[in-house]
Asks: 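One structure coming up, written as structure tokens, with questions to follow.
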Amino acid sequence: MRLSQGFIPTIKETPNEAQIASHRLMLRAGMIRQSSAGIYCWLPLGLRVLKKIEAIVREEQDRAGAQEILMPTIQPAELWRESGRYEDYGKEMLRIRDRHDREMLYGPTNEEQVTEIVRASIKSYRDLPKLLYHIQWKFRDEVRPRFGVMRGREFLMKDAYSFDLDFAGARHSYNKMFVAYLRTFARMGLKAIPMRADTGPIGGDLSHEFIVLADTGESAVFCHKGLVDKDILARKIDYDANLQSIVNEWTSLYAATDEMHDKAAFEKIPEGERLAARGIEVGHIFYFGTKYSEPMKAVVAGPGGEQITVEMGSYGIGVSRLVGGIIEASHDEAGIVWPESVAPFKVAIVNLKPDDGAVSGTCQKLYDALAAKGIEALHDDRDLRPGAKFADMDLIGTPWQVKVWQALLAIPQGKVSTYRAIAGRVGNDNASRAVGTAVGRNPISWLIPCHRVLGSDGSLHGYHWGLERKRAMLAVEAARQSERPRTSAMA
Ligand code: 5CA
């Protein structure tokens, strides 16, 4: 996308209403705008990230065997009277009357609605198990909406629901979601720790919250440090096999939220291995047996014709909250530092001379080379001074930046064009390794002004490349240096 034609309304000033970094950065980077308290409009940059998060959630739900449906945001009050939650939910529920004076509500969650779907369609034990999910907006009239999308009134949730014949089946469904959640959050670059949790208004007796550690988190949490470094993505998962040993591995070490905290048990952990921190709840899973199926009569006929009340669980992920959560976990003083998997654009091409046809042509070719590899780039072709562009690009936080201020020529002796070579580097997921290679030996090394990038000892440092920011900043220099012998510019 060409930024001059795009809509990314960044703000220089720090908005007064934002108390935490993610809220400030989302407003400043032009990702969201508030509509009313706890209700937001998603602008193009924010929506791109939201969709990327949604896509990872969807892939991992599908992988675990869940099937996607889409239930409405508006539900009839009768369903909630059947479960007994219509009155219990209190003021958090937004109640509506339609033109026929029928009582409706904007769904804060969907246990009743999904139970209605299943009881109407499933009659026999042979039809079970079933695992259904949807990704839909919810409304909860929170007393204190705050921290931007982290505690909104309207928010996007992935909610899944499992239906099984017995406890063993329900436990397997729970374990599937447990493992799928570990994978989902890990793919977003997050360290999310499952913790024993209170079940609150959803109910039930087995529940885990998935918590991302962050100083600004709303919950106080306590766990064994060993949980922070566990790596699920290195495992091969077979969702049809018994997953209990993986779940046990993650649950055998102490981890609990404030409400479930057992001080004595925590203090049994050697002091150096204890972690008392704050965290953001990005997911919450529940097993609640027949809490809804019993009053709502979700039953199937067993093998002998007997009536079996279905065992259920529900599994939520705060999709819109994750946008804020990821920023809380990954930002610096200049802006957001997106993990590659959810970045709104992978590369920013910073055109420092947009009025120079050759420079703009170079940027366009680079853009095309990246597009041909399926890499999304943002071409900053705005007519602004370089400092303003650098500040905006750092704020937006693409994993890669390529700064172009003079036109490139094709590599004379190389077979690959410069643009392709850069696209190739950027295509590598391990940004810092890629840049190291590029600076060291690769054909594109001559494109990087060595005096800016290499220290006297040959290590990476410098003006454009801040290792601590984990960003690759490939400073692309001109081949107008044709006066300069090319070999002398080679690393
Ligand atoms: N029905 C169950 C699971 S499907 C349920 O509603 N669980 S929940 O209440 O824990 O919500 C699931 C997830 O939604 C939470 O873990 C959290 O990440 C997110 N969430 C909850 N309330 C809000 C809110 N006010 N703003 C943003 N995200 C929220």
Side-chain angles (χ1 to χ4, degrees), residues 20 22-23 26 32 34 37-40 42 50 53-54 57 61 66 69 71 73 75 80 83 85 88-89 91-94 106-115 131-163 173-174 177-178 180-181 184-185 188 190 192-204 206-212 214 217-219 221 257 259 279-288 291-292 312-329:
I20 60 170
S22 59
H23 190 193
M26 287 180 77
I32 51 165
Q34 183 173 301
I39 303 181
Y40 291 89
W42 291 80
L50 191 66
I53 291 173
E54 201 180 311
V57 169
Q61 289 293 296
I69 59 175
M71 292 180 270
T73 52
Q75 303 173 28
W80 287 67
S83 73
R85 277 209 295 184
D88 289 356
Y89 225 95
K91 287 197 167 212
E92 263 195 23
M93 180 185 279
L94 180 65
Y106 194 119
T109 173
N110 284 62
E111 280 81 3
E112 287 78 357
Q113 182 68 71
V114 77
T115 304
L131 193 45
L132 304 173
Y133 75 97
H134 77 160
I135 301 176
Q136 177 64 292
W137 293 92
K138 305 287 186 287
F139 192 91
R140 292 182 187 173
D141 207 349
E142 301 271 354
V143 195
R144 276 215 303 152
R146 58 191 179 142
F147 303 155
V149 300
M150 301 269 263
R151 181 161 295 282
R153 292 199 295 166
E154 189 185 50
F155 58 96
L156 189 59
M157 192 200 286
K158 182 287 300 181
D159 34 329
Y161 303 88
S162 63
F163 301 85
S173 298
Y174 187 92
M177 286 294 113
F178 188 105
Y181 277 34
T184 302
F185 300 127
M188 295 173 191
L190 292 172
I193 302 172
M195 302 200 177
R196 284 300 297 259
D198 192 16
T199 55
I202 310 290
L206 175 59
S207 169
H208 285 92
E209 283 180 11
F210 286 74
I211 302 278
V212 173
E218 286 189 295
S219 342
V221 295
T257 59
E259 302 90 10
I280 301 165
E281 178 202 318
V282 288
H284 199 161
I285 61 177
F286 305 82
Y287 160 75
F288 44 69
K291 179 172 190 280
Y292 299 90
M312 288 176 62
S314 77
Y315 315 90
I317 289 182
V319 176
S320 50
R321 174 178 287 185
L322 270 166
V323 182
I326 291 169
I327 297 174
E328 285 300 325

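As the structure lists them, so they are numbered: ligands from 1, and atoms in each ligand from 1. Fair warning: this is a prediction, and the values are worked out from it, not measured in the lab.
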Asks: To check you understand the geometry: which heavy-atom pair defines the closest contact between I211 and G279, and what is its length?
Replies: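 Residues I211 and G279, closest heavy atoms: CG2-CA, 3.5 Å.
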Asks: Taking 4.0 Å as the limit for heavy-atom contacts, which would you say applies to N110 with ligand 1: side chain only, backbone only, both, or neither?
Replies: neither
Asks: Do any nitrogen or oxygen atoms of E142 lie less than 3.5 angstrom from nitrogen or oxygen atoms of ligand 1?
Replies: yes
Asks: Check whether any heavy atom of S320 sits under 4.0 Å from an atom of ligand 1.
Replies: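 Contact check S320 vs ligand 1: negative.
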Asks: Can E111 and R85 be counted as an ion pair, charged N to O under 4.0 angstrom?
Replies: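 Judged by the 4.0 Å cut-off on N to carboxylate O distance, E111 and R85 do form a salt bridge.
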Asks: If you measure from each non-hydrogen atom of K138 to ligand 1, which part falls under 4.0 Å: side chain, backbone, both or neither?
Replies: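 Neither; no heavy atom under 4.0 Å.
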Asks: Residues two or more places apart in sequence or in another chain: which of them pass side chain to side chain donor-acceptor pair (under 3.5 Å) with S320?
Replies: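 Listed in chain order: nothing, the list is empty.
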Asks: Is the gap between the ring centers of F210 and F178 under 6.0 Å?
Replies: yes
Asks: So is there a nitrogen or oxygen of Y161 less than 3.5 Å from a nitrogen or oxygen in ligand 1?
Replies: no
Asks: Look only at interatomic distance and state if D159 has a nitrogen or oxygen under 3.5 Å from any nitrogen or oxygen of ligand 1.
Replies: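 No, D159 has no N/O under 3.5 Å of an N/O on ligand 1.
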Asks: Judged by non-hydrogen atoms, does M150 sit under 4.0 Å from ligand 1?
Replies: yes
Asks: Can you check whether G316 has an N/O within less than 3.5 Å of an N/O in ligand 1?
Replies: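 By distance alone, the answer is no.
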Asks: Checking Y181 now: which residues fulfil side chain to side chain donor-acceptor pair (under 3.5 Å) with it, not counting sequence neighbours?
Replies: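 Testing Y181 for side chain to side chain donor-acceptor pair (under 3.5 Å), a comparison that skips the adjacent residues, returns K158.
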Asks: For the atom pair CG (L206) and CD1 (I285), what is the distance rounded to the nearest 0.5 Å?
Replies: 7.0 Å
Asks: Between ligand 1 and Y315, is the shortest N or O to N or O distance under 3.5 Å?
Replies: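 No: no nitrogen or oxygen of Y315 is under 3.5 Å from one in ligand 1.
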